[in-house]
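Step one of this worksheet: look at the structure below.
Nothing fancy with the numbering, it's 1 onward along the sequence.
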Amino acid sequence: MTKPILHDPIFLSLPSRPATKDDIPLARDLADTLAAHADHCAGLAANMIGASVCVLAVMDGGRVRVMMNPEIVKHSAKSYRTEEGCLSLAGVREVTRYASIDVHYRDEQFRKQRRKFSGLTAEAIQHEMDHFAGRLI
């Protein structure tokens, strides 16, 4: 189910708790919401739809990929500065991102996964993981 995007900086500043199997319906809602915004958005974190839980959804090769409890276990030595916007916040902010990342996560069925990401997908994952820590980007 598509959910509205929250814009409350106080709520968005709250840290997120780890996801459990009980959060699988939330992951589906997040995927549906990203799909509805895919023409102008590369990723969403669960707190952007009202749940302070470590679940994100990113566009990856034209499809929505859900990640529950993602953890960056390795990253490239190469990083870059860029400007990012956010559906929940006005304007853009300058940030530093790794060019590629290896991520351990649980998929939408809560199965363990490990994948390497680069480009916009890696950038979006890093952005959404900042939301888990309550960092407003």
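- Using a 4.5 Å heavy-atom cutoff, the side chains of I72 and M129 are in contact.
- Within the 4.5 Å cutoff, no side-chain heavy atoms of L56 are placed close to those of V66.
- The heavy-atom pair separating V58 from I125 by the smallest distance is CG1-CG1, 3.8 Å.
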Next item on the list: Evaluate the criterion side-chain hydrogen bond (donor to acceptor under 3.5 Å, both in side chains) for residue pair H127 and E84; output intermediate values, then yes/no.
Entry: CA-CA 8 Å; H127 176 104; E84 294 176 352; 2.7 Å; yes
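- The nearest pair of heavy atoms linking R93 to G91 is NH1-O, 3.7 Å.
- Results of the side chain to side chain donor-acceptor pair (under 3.5 Å) test with H104 over R114, K112, K74 single out R114 as the only residue that passes.
- Within the 4.5 Å cutoff, side-chain heavy atoms of C86 are placed close to those of M48.
- To the nearest 0.5 Å, atom OG of residue S13 and atom CG of residue D8 are 8.5 Å apart.
- Using a 4.5 Å cut-off on side-chain heavy atoms (C-beta onward), Q126 and F117 make no contact.
- Taking the side chain as every heavy atom from C-beta outward, T82 and E123 approach each other to under 4.5 Å.
- Under the 4.5 Å side-chain criterion, counting only non-hydrogen atoms from C-beta, L30 is not in contact with V64.
- With sequence neighbours excluded, the residues forming a side chain to side chain contact (heavy atoms under 4.5 Å, CB included) with Q113 are Y105, D107, R111, listed by chain and number.
- A donor-acceptor pair is defined here as one N or O able to donate and one able to accept, closer than 3.5 Å; such a pair exists between the side chain of T121 and the backbone of M59.
- Under 4.0 Å is where a charged nitrogen must lie from a carboxylate oxygen, and between R115 and D102 no such pair does.
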Next item on the list: Output, in order, the C-alpha distance, side-chain angles, deciding distance and verdict of side chain to side chain contact (heavy atoms under 4.5 Å, CB included) for F110 and I24.
Entry: CA-CA 7 Å; F110 217 69; I24 289 173; 4.2 Å; yes
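- Comment: E108 does not engage R65 in a salt bridge, judged by the lack of any side-chain N to carboxylate O separation of less than 4.0 angstrom.
- In this structure, the side chains of M68 and P18 stay at 4.5 Å or more apart for every pair of heavy atoms.
- Heavy atoms only, all atoms of each residue included: E128 and A45 are closest at OE1-N, 3.1 Å.
- Within 6.0 Å of the OH atom in Y98, the count of heavy atoms belonging to other residues, nucleotides or ligands does not exceed 12.
- Under a hydrophobic clustering in which Ile, Leu, Val, Met, Phe, Trp and Tyr are joined whenever their side-chain heavy atoms come within less than 4.5 Å, directly or via other members, I49 and L136 fall into the same cluster.
- Between D130 and R97 a salt bridge is recorded (basic side-chain N to carboxylate O distance below 4.0 Å).
- Through direct or indirect side-chain contacts shorter than 4.5 Å among Ile, Leu, Val, Met, Phe, Trp and Tyr, F11 is connected to L6, L14.
- In plain terms, the two heavy atoms of F132 and V53 that are nearest each other are CE2-O, 3.8 Å.
- Residues L120 and V103 do not share a hydrophobic cluster, clusters being chains of Ile/Leu/Val/Met/Phe/Trp/Tyr side chains in contact below 4.5 Å.
- Formation of a donor-acceptor pair under 3.5 Å by the S52 side chain with backbone atoms of N47 is not found in this model.
- If you take OG on S76 and CD1 on I101, they are separated by 9.0 Å, rounding to the nearest 0.5 Å.
- In this structure, A19 and D23 approach most closely via the heavy-atom pair CA-OD2, 3.3 Å.
- The shortest distance between side-chain heavy atoms of C54 and R17 does not fall below 4.5 Å.
- Contact between T33 and K3 at its shortest, heavy atoms only, is OG1-N, 2.9 Å.
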Next item on the list: Show the numbers, then the answer: is there a side chain to side chain contact (heavy atoms under 4.5 Å, CB included) between S16 and H131?
Entry: CA-CA 8 Å; S16 297; H131 279 292; over 6 Å; no
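- With rounding to the nearest 0.5 angstrom, the CD1 atom of I5 is 8.5 Å from the CG atom of L34.
- Residue D29 holds its CG atom at 8.0 Å from OG1 of T2, rounded to the nearest 0.5 Å.
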